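The structure appears below as structure tokens.
As the structure is a prediction and not an experimental result, all values here were calculated from the model. We're numbering straight along the sequence, starting at 1.
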Amino acid sequence: MIHVVECWGGGVSSAVAGYIRATPMFDHWLLTAARDGEDTGVTLAGQVRGWLRLPESHPARIRTIHHAYNLIRPDIVHAHSSYAGIYVRGCPSIPADRIVYSPHCYAFERVDVAPPLRGMFRIAESILARRTGVVAAASPREAALARMLRGRQQVVCVPHAVRAQPLIPAARPAENEVAAVAVGRICRQKDPDFLAEASREAGRRGWPIRWEWIGDGDLARRERLESAGVHVAGWLPRDEVLRRLGQAHVYVHTALWEVAPTMAMLEAAAAGLPMVARSLPDLAALGLPGLVRTPEALAATVRRMTDPVHRVEHANRCRAVLREHTPEVQARRLAAAYGAPALPMKERA
């Protein structure tokens, strides 16, 4: 199997690593392009047969995928995200029935572009659906969107999942202060300005909330976060991220558009944190509690987490909503998407 990933970094790389670990019955190859300055912390030593880099230009990437397919002759080519979906489905040498596509959020869901452009993205996905064997969607809503597109593609909902790991012990702040943390790339999609305004609102009201953003990216947006009183930690190793989660009281999520829950949200839930998230269609469809529409509502909802009883109840509700996001469920769904029998957990350990 070949995995093609144009945006190797952040949550996508974590998701792909999970797919690889869940399906050891395949030999896995990676074709990726990395994002500068983004340390994913993903290690796949001994779990992939080969790891190739995609060149810079779009035509060269399609040629590279064509040559890799002819050399390896895999049963499946799994394309991850929009650009990889274009490259793989635009490569005529790869039969459609061997293509699995994971949008990791369809481009026509973006809200930072004009409606006519979103319409063009939808038309493009409808055309490319005819060159798709299976869509491995990451959420029920993404699966519903895939079924609305033209073509004969099968659709399988493959939830994101994380393996439970013990938190690195860390002392949390005093109970009269709330430590709120967000994780992700600082970019338009994640909308850090929403969090910056929530921080300013808390400051105006004198609420004792300590805000932290783990990640990096756009310099201007980072500066706006810091000027609003948000500590920006930059990209951190996985162990340090877990330590910071162990110090926090609540996880916050402010993205404008996204397939959800994200890997970071699942890590937070595994850490026992309640979540306060911006209202997104995917999260609303899951029934996640604590969805907000304004920065003011975000600040007020986070402030309520000073109450330890409320915090535990909210965290339990979040875990209940995400109960199917386990490696076991993910492995069964991937086996269905790839047309392979699922292995028992002990054989995948």
Side-chain angles (χ1 to χ4, degrees), residues 1-7 12 15-16 18-20 22-23 25-29 31 58 61-70 72-110 116-161 257-260 281-282 285-286 324 329-342:
M1 174 181 304
I2 298 176
H3 296 270
V4 181
V5 190
E6 178 272 337
C7 52
V12 172
V16 175
Y19 296 168
I20 290 172
T23 53
M25 70 285 287
F26 287 94
D27 288 331
H28 294 274
W29 295 73
L31 271 70
H58 298 308
R61 288 176 174 180
I62 295 176
R63 289 194 297 270
T64 298
I65 293 167
H66 165 77
H67 292 316
Y69 177 78
N70 286 335
I72 299 170
R73 305 304 296 182
D75 295 320
I76 298 291
V77 180
H78 193 157
H80 299 270
S81 293
S82 299
Y83 276 116
I86 294 172
Y87 302 151
V88 171
R89 293 180 291 180
C91 188
S93 60
I94 304 176
D97 61 2
R98 295 196 177 190
I99 296 174
V100 174
Y101 173 45
S102 289
H104 297 289
C105 192
Y106 278 109
F108 56 75
E109 289 281 273
R110 292 174 56 177
L117 186 54
R118 292 202 298 272
M120 291 177 62
F121 290 155
R122 184 181 286 273
I123 290 170
E125 287 287 358
S126 294
I127 294 171
L128 290 170
R130 302 167 190 172
R131 285 272 301 140
T132 308
V134 177
V135 172
S139 73
R141 184 171 180 276
E142 187 169 76
L145 291 172
R147 293 186 183 100
M148 293 170 61
L149 299 171
R150 297 175 182 175
R152 299 180 180 177
Q153 56 188 4
Q154 300 179 49
V155 180
V156 178
C157 185
V158 180
H160 288 155
W257 73 92
E258 197 153 45
V259 63
D282 270 46
L286 288 174
E324 288 196 354
V329 173
Q330 183 185 70
R332 289 198 301 271
R333 303 283 180 81
L334 279 171
Y338 295 156

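R73 and R98 get closest at one heavy-atom pair: O-NH1, 4.5 Å. When all heavy atoms of A337 and V100 are compared, the closest pair comes out as O-CG2, 4.0 Å. Between C157 and A143, the shortest heavy-atom distance links the atoms CB-CB, 4.4 Å. Across all non-hydrogen atoms, the minimal contact from Y106 to A146 is OH-CB, 3.3 Å. The nearest pair of heavy atoms linking R131 to A96 is NH1-N, 3.4 Å. Pairing each heavy atom of A137 with each of E142, the nearest pair is CA-OE1, 3.4 Å.
Remark: the H80 side chain and the Y19 side chain contain no N/O donor-acceptor pair separated by less than 3.5 Å. In summary, the side chains of H104 and S81 do not present any donor paired with an acceptor at a separation below 3.5 Å, with no hydrogens or angles considered. For the residue pair H160/S139, the side-chain donor-acceptor check at 3.5 Å is not satisfied.
For the pair E109 and R141, the salt-bridge criterion is met [side-chain N within less than 4.0 Å of a carboxylate O]. The residues E258 and R110 are annotated as not salt-bridged, no charged nitrogen and carboxylate oxygen being separated by less than 4.0 angstrom.
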Would you sort out whether M120 and L117 count as a side-chain contact (heavy atoms from CB on, under 4.5 Å), showing the intermediate values? CA-CA 5 Å; M120 291 177 62; L117 186 54; 4.2 Å; yes
Should Q154 and R147 be marked as a side-chain contact (heavy atoms from CB on, under 4.5 Å) after you check the CA-CA gap, both sets of side-chain angles, and the distance that decides it? CA-CA 8 Å; Q154 300 179 49; R147 293 186 183 100; over 6 Å; no
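Counting only heavy atoms from C-beta outward, the side chains of P74 and W29 never approach each other to under 4.5 Å. At a threshold of 4.5 Å between non-hydrogen side-chain atoms, the residues V135 and P103 count as touching. When side chains are defined from C-beta on, V134 does not count as touching V155, because their heavy atoms never get closer than 4.5 Å. Contact of the P140 side chain with the L286 side chain is registered, since non-hydrogen atoms from C-beta on lie closer than 4.5 Å.
Geometrically, R118 does not engage F108 in a cation-pi contact defined by less than 6.0 Å to the ring centre and at most 45° from the axis. For the pair R89 and Y101, the cation sits on the ring face: its NZ or CZ lies under 6.0 Å from the ring centre, inside 45° of the axis.
The local environment of CZ in R152 is sparse, with at most 12 non-hydrogen atoms from other residues, nucleotides or ligands closer than 6.0 Å. For Y83, the OH atom sits in a loose shell: 12 or fewer heavy atoms of surrounding residues, nucleotides or ligands are nearer than 6.0 Å.
Here the straight-line distance linking atom CZ of R61 with atom NE2 of H58 works out to 6.5 Å at 0.5 Å rounding. Note that the CD1 atom of I127 and the CD1 atom of I86 stand 11.0 Å from one another [nearest 0.5 Å]. The distance from atom NE2 of H3 to atom CE of M1, rounded to the nearest 0.5 Å, is 5.0 Å. For the atom pair S93 OG and H66 NE2, the distance stands at 5.0 Å (nearest 0.5 Å). The distance from atom CD1 of I2 to atom CD1 of I94, rounded to the nearest 0.5 Å, is 7.0 Å. In this structure, the separation between CD on E6 and CG on L31 is 12.5 Å, given to the nearest 0.5 Å.
A donor-acceptor pair is defined here as one N or O able to donate and one able to accept, closer than 3.5 Å; no such pair exists between the side chain of Q153 and the backbone of T132. In this structure, S126 contributes its side chain and L149 its backbone to no donor-acceptor pair below 3.5 Å.
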